[in-house]
Every structure is written in C-alpha cells, then in structure tokens.
Asks: 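The structure under discussion is supplied below as structure tokens; questions concerning it will follow.
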Amino acid sequence: MSRDRTRYLYIAVILAVVAGIAVGLAAPGLGKELKPLGTAFVALIKMMISPIIFCTIVLGVGSVAQAAKVGRVGGLALGYFLVMSTVALAIGLVVGNLIDPGQGLQLTDELRKAAEAEAAKGGESDTVTFLLGVIPTTLVSAFTEGQVLQTLLVALLTGFALQAMGTRATPVLTGIGHIQRLVFRILAMIMWAAPVGAFGAMAAVVGATGVDALKSLGVIMLAFYLTCLVFVLGVLGPMLWAFARIGLPSLLRYLGREFLLILSTSSSESALPRLIAKMEHLGVSRPVVGITVPTGYSFNLDGTAIYLTMATLFIASATGAPLSLGEQISLLIFMIIASKGAAGVTGAGLATLAGGLQSHRPDLVDGVGLIVGIDRFMSEARALTNFAGNAVATVLVGTWTGEFDRERAVEVLAGRLPFDETTLLEEDPPPSPPSDERSDPAMSPA
C-alpha cells in the first residue's frame, strides 16, 4: 500500500512540473510569485542533509576496526574525483572550441550589471577561504550552518573517536542508529511536499525567463546538454562496465525517481539523502557510501566542470576576446581548482564562473551577464551530471576497495530486490550497530 502511494507521489511530481511550465508561460507574473514554493521545498531537504550525513558516516566509520580502511576509501575517492574533473573540463574545452556558439550576441548595460553582481558573490569564496571554511566554528555549528564538508569533518572525527573507544562505543552507536531512523522518517514526510515544490520552481523559472530569451541562447544550451550526455555515456558508462561490470542504463533507471526530483528542483542536493540510501541498498558498504557520496558532492562536480569551461569559451567568443590554446590550458588548470569551491558558493556554477574569471581574465567578467538568463536551465544539466557522476563514483570506489556486492547489485538492478520505500516508515527498532563486516545495505538501520 505504502509503495503504491510513493508511485503516485512521483506521478504527481511530473504533473506538477507540466503545470508549472503552463502557468509560467500563461501568467509569467504569477509564476514568478510562486518561486518561494520551490525555494521552501529545497530548503526543507537541505535541512535534513547534515544529520543524515552525520549519522551515515558515524555508523559506518565507527563500526570499522581499522582506520586505515577509511583512509584508503577517502584517498581513492579524492584521486578519482580529480581525474574525472580534469576529463570533464577537457571535454568542455573541446566541444566549446568546435561549436564556437558565442558569436553575434550583444552585451547590454543591464547584463553587465547582472554579471557584476555574480562576480561579487563568486569573489567571496577563493580556494583558501573554502579550505578554511571546512573547519566549523564549534562542534555543532556544522549542523546549524548547513555546510556539507563541515558536517563530514565532524562526522569523521566522531567516527574515529568511537572507533578508538572499542566496545564502550556500542551504546552511542545504537543511539545514533535510532536518530538515523528518526531523520529518515522526517525525510519521508517532507517528500510528500515534492509536487508543490516542483510546481513553484518550474512556474517561477519559466515565468522569469520566458521563451524569447531562450531562442538566442539555444545553441549553448543544446551544446551543454549534449556535452554532459557525451560525458555520462562516453566516459562514465564505459568505466562503470569495465571495472564493476554494471550497465549504466540500468543504474540510471534505478535512480530514475531521484533524477526526476533533481530535474524539478535544479538541485542535486535534494536527492543526496536518497542517493545514500539507494547506494547502500544496491550493495555498496556503508563506510564507502558515507565517505564517497558527501565528499563527491563537494569535489566531484563533473557537470559544473563542463559548464565552467564551455561558458568561459562562450563568453570569450561573444565578447570578441577569444582565448589562445595556451590560455585555454592555463584556464583548464585554474578551473580545476576553482570548481572545488563551487559547492560553497550560493548559485554555485554562475558565481564560481564569475569569481574565477575576475581572478584569471577580468576583461571577460561582463560577459557573464550573457548567460544569466539561461543559467537555471543549464543548472539542471549540471545537477543531473553531478548526480550521475557521484552515483558511478560510489560504485567504482566500492569495487576498488572490495566493498561492493556485485551479485546483490545485479539482483537489485534486475528488479528482483526492489528498493522498498516503506523502509522509511517501519516501526521495528533498529538493531545493534554493524560489526566490522559489511553492514546489510538498507534505507536505514532496519
């Protein structure tokens, strides 16, 4: 019964997206006024991210006997993220050079002002500030400020401390297991507001942008979407099959509801809690999921990397200041660093682009105004690509560390072990914390 209701929920999300587009086109003023509905829903989801990450990591790390195992997972994940970000940036440069979509666009004073505003936001977060920002003001401020990396740091320290306590940590881990169940129950309640949030978000963006604004910029949008598709299918797909023997289409189909949620909210964070749950259910061990997914949300931004390079080349062409090959290579290196701070900036992609250009090529900053109008639509492709990249990364890191149950994954992806939405609402108390062996993948400790 409950599983059927969740099917209806996501059908309602699809209908809400269509209705939002219709309202945005028919009554743009009303559509823009509905923006708080989408903002509120995403804020509710973000409210749950820190406690979910904390519980997941503490239960995972605290149950592993050897700290070196956690370090190996983190090291592999960060190395993989660096390589994939570089590949994504390179693909963005190649496509951007081939299509040269920025010719013929005019930069108005209004667009210059919009660019200056974004540059001001992006300038607030350089690499050093970003790294120092990983350290929270207090042990609990990571939860109140909603910073993913701060929560990750506190959770890792807590997990290692519990690990060192041995058997005395069992009551604490059991208590955190109960808290995790409470958090997932709250999340299940919030998810029923998804159709309202999707309706408000789509009505607002269509009402604000309209159809005319998209026509002149359709080429860069189409090119960006196709480039993201090429990266996912041409890079992530073969790697997933080569190392884990898992087909990318079946994994993407398994995460279909999460992609729909991201598409309707333009935020990959809205699906982060469910990605953690589904990766555990798929057969990746809890420590690997707990470390790889949250870290990937800040360091494995493949879609953002493609966006940064393609948008820069687009702006350079549109403003009549094309970049030489040498400048493009230096820009590639610069953007690899800049993209790591994207998760710490409000309006991540656009503000990071503006801030990066201000540091690297100040003469190009005004051109950011050219893509302000379509950034929301490009942010959907960024979020979808980032999410797919993190899902694949979790499976690959699990495979490389021997923490991935491929036989279970085959059963899950074939539909013989379906993800049970009702596990969010089960009344059975959680068992004792997992032992040093791989915990049974599930939506929660149940």
Side-chain angles (χ1 to χ4, degrees), residues 1-49 52 184-214 221 225 228 252-278 303 347-349 373-388 391 418-422 424-425 443:
M1 181 71 70
S2 295
R3 197 181 305 173
D4 290 338
R5 287 205 304 269
T6 62
R7 287 202 190 100
Y8 298 143
L9 168 62
Y10 286 91
I11 292 173
V13 170
I14 295 173
L15 295 176
V17 169
V18 174
I21 293 172
V23 170
L25 292 174
L30 175 61
K32 287 186 283 187
E33 291 179 1
L34 294 173
K35 184 178 180 180
L37 294 178
T39 304
F41 175 71
V42 175
L44 283 171
I45 295 291
K46 288 184 176 181
M47 175 182 74
M48 307 305 300
I49 288 176
I52 286 174
F184 274 114
R185 172 176 279 277
I186 297 173
L187 177 65
M189 295 163 61
I190 292 173
M191 288 306 300
W192 286 98
V196 178
F199 172 73
M202 293 306 297
V205 70
V206 174
T209 308
V211 177
D212 293 337
L214 302 180
M221 283 179 57
Y225 270 73
C228 290
L252 298 183
R253 188 166 55 249
Y254 172 64
L255 297 171
R257 289 185 175 184
E258 288 66 43
F259 281 113
L260 174 61
L261 186 62
I262 293 169
L263 187 64
S264 62
T265 61
S266 289
S267 171
S268 58
E269 283 191 342
S270 62
L272 187 151
R274 292 179 59 87
L275 179 62
I276 290 175
K278 282 203 163 182
I374 61 166
D375 181 70
R376 173 57 188 261
F377 292 93
M378 297 176 77
S379 73
E380 293 177 346
R382 287 201 303 265
L384 292 170
T385 306
N386 291 343
F387 185 80
F419 180 76
D420 189 356
E421 301 280 350
T422 61
L424 285 171
L425 304 175
M443 182 67 182

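Keep in mind that this is a model prediction, so the values were computed, not measured. What you see below is based on every heavy atom in this structure, not just the backbone, and it leaves out hydrogens, waters and symmetry mates.
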Asks: Roughly how far, to the nearest 0.5 Å, is the CZ atom of Arg274 from the CZ atom of Phe387?
Replies: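 Output value for this atom pair is 9.0 Å.
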Asks: Between atom CG of Leu255 and atom CG of Leu260, what is the distance when rounded to the nearest 0.5 Å?
Replies: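 Separation between the atoms: 12.5 Å.
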Asks: State, yes or no, whether a side-chain contact exists between Glu258 and Leu275 at a heavy-atom distance under 4.5 Å.
Replies: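 Answer no - side chains too far apart.
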Asks: So, for Ile262 and Ala383, which heavy atoms are closest and what is the spacing to 0.1 Å?
Replies: CG2-CB, 3.5 Å
Asks: Go through the structure and list residues passing ring-ring contact (aromatic ring centres under 6.0 Å, His included) with Tyr254, not counting sequence neighbours.
Replies: none
Asks: Tell me the closest heavy-atom pair linking Pro195 and Ala12, and the distance in Å.
Replies: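 Closest heavy-atom pair between Pro195 and Ala12: CG-CB, 3.7 Å.
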Asks: What residue among Val23, Leu25, Val18 forms side-chain contact (heavy atoms from CB on, under 4.5 Å) with Ile21?
Replies: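 Going through Val23, Leu25, Val18 one by one, the side-chain contact (heavy atoms from CB on, under 4.5 Å) with Ile21 is satisfied by Leu25 alone.
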Asks: Report yes if some heavy atom in the side chain of Leu15 is under 4.5 Å from a heavy atom in the side chain of Phe199; otherwise report no.
Replies: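 Leu15 does not reach Phe199 side chain to side chain.
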Asks: What are the two closest heavy atoms between Ala388 and Leu252, and how far apart are they?
Replies: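 Residues Ala388 and Leu252, closest heavy atoms: CB-CD2, 4.3 Å.
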Asks: Residues in side-chain contact (heavy atoms from CB on, under 4.5 Å) with Ile190, at least two apart?
Replies: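 side-chain contact (heavy atoms from CB on, under 4.5 Å) check on Ile190 returns Phe41, Leu44, Ile45, Met47, Met48, Ile186.
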Asks: With rounding to the nearest 0.5 Å, note down the distance linking OG1 in Thr385 to OH in Tyr225.
Replies: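 Between atom OG1 of Thr385 and atom OH of Tyr225 there are 9.0 Å.
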